[in-house]
Every structure is written in C-alpha cells, then in structure tokens.
There are 2 protein chains.
Amino acid sequence: MSQERDADRSPALPRTERWHTRVTLKEIAAHAGVSRSTVSLVMQESPLVAETTRQRVRESAETLGYVYNRGAATLRSARTATVGVIVHDVANPFFGALVAGIDEVLEPAGYVPFLANSDDSQERQARFLSRLREQRVDALLLCPAEHTPAALIDQLGEWQLPCVQIMRHVGETPLGDYVGADIRRGVGEAVAHLVTLGHRRIALLAGESDHSADRERLDGYRQAMRAAELDANLMLSRGGLSRRAGRERTLALFAQTPAPTALICHNDLVALGALLALRHLGLHPGIDCAVVGIDDVEEATLTEPALTSIATQPRACGRAAAELALTRIASPLGAPRQIVLPATLHVRETTAVPPVDAKESS
Amino acid sequence: MSQERDADRSPALPRTERWHTRVTLKEIAAHAGVSRSTVSLVMQESPLVAETTRQRVRESAETLGYVYNRGAATLRSARTATVGVIVHDVANPFFGALVAGIDEVLEPAGYVPFLANSDDSQERQARFLSRLREQRVDALLLCPAEHTPAALIDQLGEWQLPCVQIMRHVGETPLGDYVGADIRRGVGEAVAHLVTLGHRRIALLAGESDHSADRERLDGYRQAMRAAELDANLMLSRGGLSRRAGRERTLALFAQTPAPTALICHNDLVALGALLALRHLGLHPGIDCAVVGIDDVEEATLTEPALTSIATQPRACGRAAAELALTRIASPLGAPRQIVLPATLHVRETTAVPPVDAKESS
DNA sequence: GGATTCTTTTGGATCGATCCAAATCAGGGA
DNA sequence: TCCCTGATTTGGATCGATCCAAAAGAATCC
C-alpha cells in the first residue's frame with residue numbers, strides 16, 4: 001500500500017483522484033461551500049435543494065472524483081440497492097436469458113444483482129441465502145431448488161426479506177409473489193395440436209422431482225389427454241432433464257412397444273436430446289415421430305427440422321420478476337401478486353401428421 | 001418504519017427474531033455478558049478470544065437470531081466480501097460455465113459475486129463499473145467488452161480496484177492479471193491435425209472485432225498455415241459469432257469455389273451453425289467437410305456426428321480467475337500473474353480425411 | 001511476594017453516509 | 001418595518017460494526 005505518491009501533487013493539475021485519501025461528502029461540502037447535509041440531499045436527488053446549489057455540488061463532486069459510498073448510506077437508511085438472484089443452473093441457456101432479463105430491469109433502476117447457482121442443492125441455496133442476508137439485500141429473486149420446503153417462504157417473511165419466486169414455486173399454490181409461464185395451458189395446447197394431427201400415443205418426458213413446474217406440465221398433459229379420451233399414464237416417462245438424459249430417455253421409450261408417435265419434452269434441452277436419439281435410430285423427427293419442446297430457446301429455430309416448442313419467454317419472465325421485486329421493495333406490505341405469462345405454442349417442422357401405420361394401429 | 005413494538009417483549013418466549021428491532025453486537029454482548037469488542041472478535045473468527053467465551057458468544061448469537069451486518073463492517077474495515085463479474089453474454093453456455101466456476105470458488109471463501117451482462121457494449125460496461133465502485137467491491141472479474149480501451153486497466157489501477165481479465169484482454173499483451181486458454185496453440189494443433197489428414201483448403205471462421213481472443217485465433221491459424229506452406233489469407237472469413245451467423249457464413253463459404261474442405265470456427269456456437277449449414281447443403285460433416293469448434297461445450301459431444309473441438313475449459317478458467325482475484329485481494333501489490341490454461345484438441349467425428357476429389361485438386 | 005510475561009478482554013473513537021428538528025433566507029402583504 | 005409563509009440549508013445524533021491502545025487476569029520465574 002505505498003502511499004508515497006503525495007510528491008507529485010502539483011496544484012496546477014487537479015488530479016481526479018488523490019492517493020488513498022478517499023473523497024467523502026465532507027470534502028465536497030468544503031469544496032462547494034455548503035454543508036454535508038446539503039451534499040447528501042443532492043446525492044439523493046432530493047427536490048428540496050435549489051437548482052444552483054445542486055449544480056455547484058455536482059461539479060465539486062465531479063472534479064474531486066467522488067464515488068458514492070453505498071455501504072455507508074446503507075448503514076443509516078437500510079437500503080442497499082442490491083437484489084439476490086438464485087437460479088439452479090446458470091449454464092442452462094434458459095436461465096442465461098432469464099438472468100439477462102433481470103439485469104435489464106435492475107440496471108436502469110440502479111440496482112445490482114448478486115447471482116448464485118444453487119445447482120438444485122438445498123445446502124448451497126441455504127448458504128447463499130445467509131450470505132445475502134448478511135449483505136442486507138433489498139429483495140430476493142428465487143428459482144427454488146428441488147425439495148425446497150414450503151416453510152422457506154414463511155421464513156423469508158419473518159426475516160422481512162421480500163421474495164419473488166420464478167418459474168417454480170414451493171407448496172401447492174404460490175403463496176407469495178410469483179412470476180411464471182402458463183405451462184399447464186401451453187402443454188394442453190400442444191396435446192390438442194398433436195391430437196388434431198391424428199396422434200394417439202403422445203408421451204410426456206417429465207422431470208422426476210415433484211416441484212410446481214413439473215406438476216403443471218403433468219396436470220396440463222393429463223387434463224388434455226383425458227379430454228381427448230386417451231390414457232395419460234401409458235406414455236409417461238420421468239427422469240433427468242439434460243440433453244443427454246433426453247437422448248437416453250427417448251431411446252428407452254422407443255425400446256418399448258408400441259412406441260410413441262409424439263413426444264412432449266419437459267424443456268428444449270430434453271427435446272434436442274430426443275432429436276439426437278431419433279436421428280440415431282434412423283427416424284425422421286416430424287415425419288416418423290413428432291417432438292414438442294418447452295421454452296423455445298433460440299436454438300429451437302435453428303435445428304433441422306426446426307423444433308416446435310412452447311415459448312416460456314425467459315427474458316420476459318426475468319423482466320417481470322425484477323419489476324415485481326422493485327414494487328415489492330417500494331411497498332413491502334402490498335398484496336402478493338402472481339404473474340403468469342402466456343405460454344404459446346410455436347408450431348414448426350417437428351410436428352406433423354403421424355405415420356400411417358401408427359395411426360391405424362391405435 | 002414503526003419501532004414502537006417494544007411492548008410485546010415477553011421474556012418467557014425468546015422469539016428467534018423480534019419485530020423490527022434488529023439484533024446487533026450490543027445485544028449479544030449483553031446476553032453473553034461480554035463486551036462488544038469481544039463479540040466482534042468472535043465474529044471475525046479471531047484466535048485471540050478464549051474457547052469458552054467463543055462458545056458462549058456463538059450460542060447467544062444463535063438464540064437471538066443474529067445476522068452479521070456486512071455493511072456496517074465494511075464502513076470501518078473497507079472490505080466488502082463482494083466481487084464484481086462482467087461478462088458479455090450470460091446467455092451463452094460458455095459464460096454460464098465460466099460463471100459457475102467463479103461461483104464455485106467464491107462461495108466457500110465467503111464472497112458473493114455481483115453479475116452483469118455488458119452485451120459487448122462499452123456503455124453498459126461503464127455504467128455497471130460505476131455501480132460496482134459505489135458498492136466498493138473488493139475485486140473485479142472482467143471479460144472486457146469489444147473495443148474496451150487499454151486505458152481502462154490503468155484507470156482501474158488508479159481506482160485501486162484489483163481486476164482479473166478473463167479470456168480476452170485489452171491491449172497487445174496482458175498488462176495486469178489475466179486468465180485464459182492457450183488458443184493460439186490449440187488452433188495450431190487443429191490446423192496441424194487437419195493438414196496431417198490431408199486437408200489443404202482450411203478456412204477459419206474468425207470474429208470481426210479485433211480483440212485479443214480474436215487475434216490469438218488468427219495468429220495460431222496463420223502460423224500453422226505458414227508452417228504447412230498454405231495460404232492463410234485465402235480462406236479467412238470474418239463475421240458474427242452466433243449459431244445463426246455460423247450457419248450463414250458457412251453457406252457463404254460454400255458459395256465460392258473452390259470451397260473449403262475444413263472449417264475451424266471461432267467457437268462451438270459457430271461450429272454448430274456450420275453443421276446445420278452443411279446438413280442443409282446435403283453434405284456430411286466429417287466426410288464431405290471437416291469441422292473444428294472451440295470451447296468444447298457439453299453439446300459438442302452430443303451432436304451427430306460428434307464435434308471435434310478445442311477445449312478451453314470455461315469452468316476451470318472461472319475457478320482460476322476467482323482464485324487469482326482472491327490472492328490479489330489478499331496482496332494487492334503482488335506481481336500480476338498471467339495464467340494460460342492448455343487448450344487441447346478433442347478429436348471426434350467431424351474431422352476425417354478430406355474427400356478424394358478435393359485432395360487431388362489442391 | 002513481586003516482577004515479568006503471555007493471554008484475554010475492554011472502552012472509546014471512528015468509518016461515511018442519512019435523518020430530523022431547528023435555523024436561516026427570501027419574498028409578499030399589512 | 002415587521003410578521004408570516006414557504007423554500008433552503010444546517011448541525012448534531014445515529015446506524016453497527018472495527019480498530020487500537022491500554023487494562024485486567026493468569027501463569028511463570030526468581
């Protein structure tokens with residue numbers, strides 16, 4: 001920490017930053033000929049202060065190279081202008097887009113996001129949560145890890161920490177603030193679409209853990225299958241949700257007879273895995289077997305054939321969640337809101353009429 | 001901010017958290033019968049304090065539901081236990097993995113990362129940077145946005161903000177701390193591999209902006225091409241780096257004659273786009289045209305045929321960068337370190353001997 | 001027993017902002 | 001000129017930790 005730089009302080013050159021003597025409100029006050037309080041008001045963009053003073057103070061701050069000390073402000077005012085974000089897999093492009101959406105809203109509002117990866121582990125989630133409490137974040141944006149107990153939301157309430165759940169929620173119905181997509185309806189629409197095309201053996205490649213996102217897919221599927229007078233339990237597969245798992249689970253499904261003629265996949269990664277599997281089996285997606293993904297990630301439009309997918313709009317969800325968090329910070333006692341964005345089916349090339357033999361045999 | 005809740009303090013029920021009267025060191029001190037200073041020492045895990053007192057204090061903190069106030073500590077000690085992370089595209093799986101690696105190291109060290117997306121925009125990068133300064137982050141992990149001036153690093157130095165550059169660095173040679181992969185050698189190895197297989201018309205699908213990551217690919221390519229006595233300028237394509245751009249640029253390359261027999265792509269996204277283009281043209285990757293990607297993302301092993309790729313190990317880079325940042329925080333004046341991880345070629349199915357006609361015609 | 005050392009504990013002072021009640025200022029009307 | 005009103009400005013007190021020099025206790029040695 002060499003501080004012996006004072007030598008080069010030539011008064012002619014007002015260096016923007018002096019060495020290691022941090023500029024504080026006090027220095028600005030002295031420089032601008034006002035009190036600390038006034039400077040503070042200027043920094044808070046308060047309308048109380050006169051325009052001319054405001055200008056003078058701003059200039060002083062500028063020439064002295066002042067950097068606002070959010071930490072000091074926090075101590076007194078209990079606002080940190082930070083928000084915690086917990087997702088279960090940053091490496092998944094879906095969450096990448098989600099995080100980008102969050103960022104988009106927080107940034108102009110002057111908020112900064114803390115980000116962590118729970119990796120769907122309770123323990124990591126809990127550890128990060130306590131870090132965030134130490135940092136006194138103003139709010140939390142949470143995609144809860146698997147098996148998160150419903151009590152967590154109550155706990156957060158006791159801790160006075162506003163929380164917006166995203167895409168998944170703990171407990172049966174969302175108790176607190178929540179932003180997600182209307183997956184149930186989206187899946188229903190997909191099933192109806194496939195039924196209209198003539199499909200009968202429609203498989204659902206679901207997840208294996210019983211959280212809300214999973215349940216909604218299942219509910220939408222069951223309900224639509226029932227409506228079409230088809231057996232929903234016959235073609236239900238539960239398992240992992242990676243691209244690799246999608247591939248393997250599809251191979252497994254095709255090992256049984258009768259094989260499905262259409263696959264609805266928990267997310268696009270699984271769907272892309274399914275495409276790989278079909279190609280491996282020498283089958284043509286969209287001709288020999290229909291495939292529907294969920295999320296509509298950018299990649300979906302680029303595969304050959306292009307993937308039919310239910311758009312969950314991660315970016316829009318991220319934006320909505322961040323906005324909700326900001327309003328909740330502004331009014332902590334307002335009524336919780338549940339925002340459910342429409343999930344619309346984007347029909348592309350992987351859904352077409354089933355092969356003739358399959359249609360007849362059902 | 002009503003604080004008039006003191007009435008309901010029933011001594012019989014030691015609620016874990018009282019309403020709105022935050023527990024501070026003072027309360028713990030009173031409860032444990034020691035001074036504030038001692039409690040502070042316990043919280044800092046100082047070895048000075050006796051084991052028995054330590055235990056007692058810990059228990060008091062526990063029963064009172066104390067949450068450490070990092071902000072208050074920061075004010076006095078000038079350490080925030082936070083680190084800023086700026087990447088240019090969170091939605092890219094490569095950066096997802098990188099961020100995951102960073103997280104992996106910071107979390108156990110008790111640090112929390114602020115994350116932002118520069119979207120390769122100078123302006124967004126600058127705005128976030130000033131936010132981070134306000135928050136007094138202890139260090140910065142930066143994948144500099146395109147066209148970032150070399151002066152930025154000096155500026156950060158003046159601001160006393162330790163910075164580790166990742167994957168890209170500003171200026172000709174990395175001036176400060178840096179973590180990246182040995183792309184130059186990796187690309188060289190790829191060219192040599194292709195030459196050994198018999199390829200002569202080896203194209204490079206490079207980026208169009210002139211940052212270090214780009215230059216390294218170019219240098220590696222030119223050098224290896226020269227070594228093989230091939231013309232490096234003939235088959236050089238510059239352009240966008242998305243999957244879509246990869247597809248389109250490949251189509252463009254194949255519109256010219258003679259078409260290349262091998263493609264080395266700036267990253268795996270571009271390579272995957274190239275695979276789509278080849279398939280679209282009715283060509284078989286690995287048979288009609290070799291394709292090499294860079295990064296070796298998970299998806300590379302799953303395409304059919306599997307993609308040959310140069311592994312840049314984003315997760316390992318993230319870890320190394322975070323570790324370097326931690327050591328730099330511990331000793332700000334230590335000599336800058338440049339860590340270059342090996343980039344090894346993973347040969348898979350998309351690289352094979354060139355088609356006979358192409359070999360003869362060269 | 002008292003001096004000496006080592007271990008543990010402690011009371012202000014301090015970091016840099018915000019909050020709030022009170023002081024000051026400027027302009028208008030009687 | 002003086003009072004009143006509304007617009008600005010201001011000086012402590014305060015938030016909750018850390019730092020530091022010094023005090024208190026315990027152990028050791030002569």
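Proteins get letters first, then strands, A, B, ... in listed order; numbering begins at 1 in each.
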Of the candidate nucleotides D:dA17, D:dG16, D:dT9, which contains the atom at the shortest distance from the side chain of B:Leu75?
-> D:dG16

For A:Ile28 and C:dG16, give me the distance from atom CD1 to atom P, rounded to whole Å.
-> 12 Å

Whether B:His169 and B:Tyr178 hold their rings parallel, tilted or perpendicular, with breakpoints at 30° and 60° | perpendicular

What integer distance in Å separates A:Arg136:CZ from D:dC15:C1'?
-> 11 Å

Interatomic distance, A:Leu41 CG vs C:dC20 C1' [rounded to whole Å] = 11 Å

So, B:Ser35 versus B:Thr38: side-chain donor-acceptor pair below 3.5 Å or not?
-> yes

For A:Arg328 and A:Asp177, work out which heavy atoms get closest and say how close.
-> NE-OD2, 2.7 Å

Testing C:dA17, D:dT10, D:dA17 for proximity to the side chain of B:Ala73, the answer is D:dA17

B:Thr53 side-chain N/O to B:Val49 backbone N/O, donor-acceptor pair under 3.5 Å = no

Phosphate-side-chain proximity, B:Ser35 and C:dT10, N/O vs OP1/OP2 below 4.0 Å | yes

For B:Thr74, which contact category applies under a 4.0 Å heavy-atom criterion: base, sugar-phosphate, or nothing?
-> nothing

When rounded to whole Å, the CZ to P distance for the pair A:Arg70 and C:dG16 reads 17 Å

Please determine if a side-chain N or O atom of B:Thr38 lies less than 4.0 Å away from the OP1 or OP2 oxygen of C:dT10.
-> yes

Determine, step by step, whether B:Arg168 and B:Asp120 satisfy the salt bridge (Lys or Arg N to Asp or Glu O under 4.0 Å) criterion, reporting the C-alpha distance in whole Å, the side-chain angles of both residues, the deciding distance to 0.1 Å, and the verdict.
-> CA-CA 12 Å; B:Arg168 297 177 178 177; B:Asp120 254 333; 3.1 Å; yes

Selection from D:dT14, C:dG11, C:dT8 that lies nearest to any side-chain heavy atom of A:Arg76 = D:dT14

Which part of the nucleic acid does A:Arg36 contact within heavy-atom distance under 4.0 Å: base, sugar-phosphate only, or nothing?
-> base

Note: for B:Ala72 and A:Val49 on DNA chain D, the residue whose nearest nucleotide lies more 5' is A:Val49

Quick one: label B:Ser37 by what it contacts on the DNA or RNA (base, sugar-phosphate, nothing), any heavy atom closer than 4.0 Å.
-> base

Interatomic distance, B:Leu48 CG vs D:dC20 C1' [rounded to whole Å] | 12 Å

Looking only at side-chain N and O atoms, does A:Gln44 come under 4.0 Å of OP1 or OP2 in C:dC19?
-> yes

A:Lys26 has an atom NZ; how far is it from atom C1' of D:dT10, in whole Å?
-> 16 Å

Value in whole Å for how far the C1' atom of C:dA17 lies from CG of B:Asn69 = 14 Å

Assert: residue with more 5' nearest nucleotide on DNA chain C, out of A:Tyr68 and B:Arg56, is B:Arg56

